[in-house]
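Nothing here was measured: the structure is a model prediction, and the numbers come from that model.
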Amino acid sequence: MIKPVLKSKFLGALVGTGVGDALGAPFEGRFMVKPEEVEAVAEKREVLTYTDDTHMMIGVAESLIRTRGFDGKDMTYTFIQNYELEPFRGYGPGPPHIFRAIRAGAAWDIAAQELYHGGSFGNGSAMRIAPIGVFYHDNPARLREVAYKSSQITHAHNLGKDGAALQAYAIALATNLEPQLAFDRGDFLAKLINYVPAAVFKGKLSKIKGLLARPDKARVAIELGNGIEAFNSVPTAIYSFLTHPDSFAQAVLNAVSLGGDADTIGAMTGAISSAYLGIESIPNRWQQKLENRLYLKELAEKLWELKTTA
Ligand code: F2R
Ligand code: MG
Ligand code: MG
């Protein structure tokens with residue numbers, strides 16, 4: 001793939017996360033909404049404000065850049081510092097609890113195991129994974145290793161880790177594909193099913209083909225889920241991308257309109273879609289209003305430079 005196309009995909013994955021998150025944020029926790037309502041709310045806002053999804057993704061990118069690849073301790077303290085500066089981003093209950101435990105002396109690489117029973121399977125480590133998805137897009141084994149290790153910081157349950165690796169791999173596959181060529185949904189899904197070990201993810205991914213054939217949002221929410229757990233939102237984001245692989249706007253509006261964890265499903269759908277189509281696919285009416293857009297672009301460019309000059 002030529003370098004400018006790859007660069008556009010790096011930019012897309014990070015800005016796409018921010019736009020999907022910001023479009024979904026007003027609808028998080030709501031029942032289903034019409035795509036037109038999502039458009040109308042965004043239209044009225046002067047700034048599209050992002051939440052913890054993008055804030056934590058920024059931490060992932062900052063740390064990868066600073067340490068020229070994955071360093072768990074550095075990423076942990078980057079998350080903590082960012083959280084302490086902006087605790088108002090709507091974080092899930094788990095990560096702040098873990099950050100406080102680490103500040104109080106807990107080891108950064110085992111603190112998350114104490115949370116819930118055997119760690120969290122929330123979608124918090126999948127929602128922030130875009131920088132890892134693009135940076136390791138050419139190495140599925142290393143991608144899995146880094147996705148798991150980055151998840152371990154806050155989401156130590158195997159299903160939390162698998163959700164992060166699955167979302168990262170969806171972004172990596174999308175990054176590898178040329179958007180000018182015909183898109184093969186069956187092949188994309190087969191690769192994901194083959195990659196993820198957990199039965200709950202395999203089962204939900206296997207339902208997507210049928211759900212795409214007969215679109216029905218209520219069935220999608222029931223069968224794939226639209227909740228805060230990784231297994232109730234990562235497959236749904238993949239489904240949403242596959243509803244419109246050729247359109248960022250339609251895929252993300254579809255994702256947010258499912259309701260439930262709308263910012264996170266929007267963020268994850270946006271990351272996959274724009275890792276495939278590139279940053280040009282994200283409508284300017286949304287890009288221009290996105291909070292900290294220039295910083296997200298700067299991070300994506302630095303990550304791409306690190307990748308292509310290493
Ligand atoms: N926090 C929110 N939204 C709440 C409202 C925000 C409001 N708009 C505001 O501005 O304040 N959204 C964000 O949180 C989600 C990511 O959460 P994360 O980081 O995964 O949190 P956690 O606590 O690790 O897991 C979430 C819940 O999942 C259940 N759970 C997880 N593991 C479990 C286990 N092993 N056993 C049982 N339950 C488990 C718990 O209920 C956790 O609280 C995103 O939506 C982000 O946008
Ligand atoms: Mg959020
Ligand atoms: Mg959310």
Side-chain angles (χ1 to χ4, degrees), residues 13 17 20 53 57 60 70 112 116 118-177 183-212 220-243 245 251 255 258 260-261 264-265 267-273 275-276:
T17 299
D53 306 50
M57 183 207 70
V60 171
F70 179 72
Y116 310 122
S120 173
F121 50 59
N123 55 21
S125 57
M127 71 189 186
R128 66 185 187 223
I129 205 80
I132 290 171
V134 288
F135 194 70
Y136 296 102
H137 71 275
D138 52 354
N139 188 341
R142 179 75 178 136
L143 179 83
R144 187 196 301 279
E145 187 189 346
V146 173
Y148 280 3
K149 285 183 173 169
S150 71
S151 184
Q152 171 71 25
I153 299 168
T154 50
H155 293 71
H157 195 288
N158 279 348
L159 294 177
K161 290 180 180 176
D162 276 338
L166 177 61
Q167 171 67 9
Y169 190 53
I171 292 168
L173 286 179
T175 306
N176 281 313
L177 289 169
F183 185 85
D184 186 336
R185 288 185 176 90
D187 184 59
F188 193 83
L189 278 169
K191 286 186 168 123
L192 294 172
I193 292 168
N194 194 38
Y195 188 76
V196 70
V200 63
F201 287 107
K202 280 188 192 292
K204 290 196 174 188
L205 291 170
S206 302
K207 290 180 178 176
I208 288 180
K209 216 170 171 185
L211 291 166
L212 287 167
V220 171
I222 290 166
E223 295 197 17
L224 301 183
N226 61 3
I228 201 168
E229 303 82 8
F231 47 83
N232 282 328
S233 42
V234 175
T236 314
I238 292 164
Y239 163 84
S240 300
F241 162 62
L242 292 174
T243 60
L258 293 168
D261 199 353
T264 302
I265 299 173
M268 295 192 293
T269 304
I272 305 168
S273 176
Y276 175 50

Task: Value rounded to 0.5 Å, distance of CG in Leu211 from OG in Ser206 - done: 11.0 Å

Open item on the list: Between Lys207 and Leu224 (side chain of the first, backbone of the second, donor and acceptor by atom type, cut-off under 3.5 Å), is there such a pair?
Closed with: no

- [ ] Without swapping roles, check the side chain of Arg142 against the backbone of Tyr136 for a donor-acceptor pair under 3.5 Å.
- [x] no

Taking all heavy atoms of [X] and all of [Y], pick out the closest pair and write down the distance.
| X | Y | result |
| --- | --- | --- |
| Pro235 | Ala230 | CD-O, 3.6 Å |
| Met268 | Ala237 | CB-CB, 3.6 Å |
| Thr243 | Ala251 | OG1-CA, 4.3 Å |
| Ala147 | Ala165 | CB-CA, 3.6 Å |

Do [X] and [Y] have side chains that approach each other closer than 4.5 Å (heavy atoms only, starting at C-beta)?
| X | Y | value |
| --- | --- | --- |
| Thr175 | Tyr276 | no |
| His157 | Glu229 | no |
| Asn158 | Phe121 | no |
| Val234 | Ile238 | yes |

Task: Derivation and outcome, side-chain hydrogen bond (donor to acceptor under 3.5 Å, both in side chains), residues Asn226 and Thr236 - done: CA-CA 7 Å; Asn226 61 3; Thr236 314; over 6 Å; no

Task: Set of side-chain contact (heavy atoms from CB on, under 4.5 Å) partners for Asp187, sequence neighbours left out - done: Asp184, Lys191

Open item on the list: Would you say the rings of Phe183 and Phe241 are close, in the sense that their centroids are separated by under 6.0 Å?
Closed with: yes

Task: NZ or CZ of Arg144 within 45° of Tyr195 ring axis and under 6.0 Å - done: yes

TODO: Go through the steps for Ser233 and Asn123 under the test side-chain hydrogen bond (donor to acceptor under 3.5 Å, both in side chains), then give the verdict.
DONE: CA-CA 7 Å; Ser233 42; Asn123 55 21; 3.0 Å; yes

TODO: Show your working on side-chain hydrogen bond (donor to acceptor under 3.5 Å, both in side chains) between Lys202 and Asn194 and close with a plain yes or no.
DONE: CA-CA 8 Å; Lys202 280 188 192 292; Asn194 194 38; 5.4 Å; no

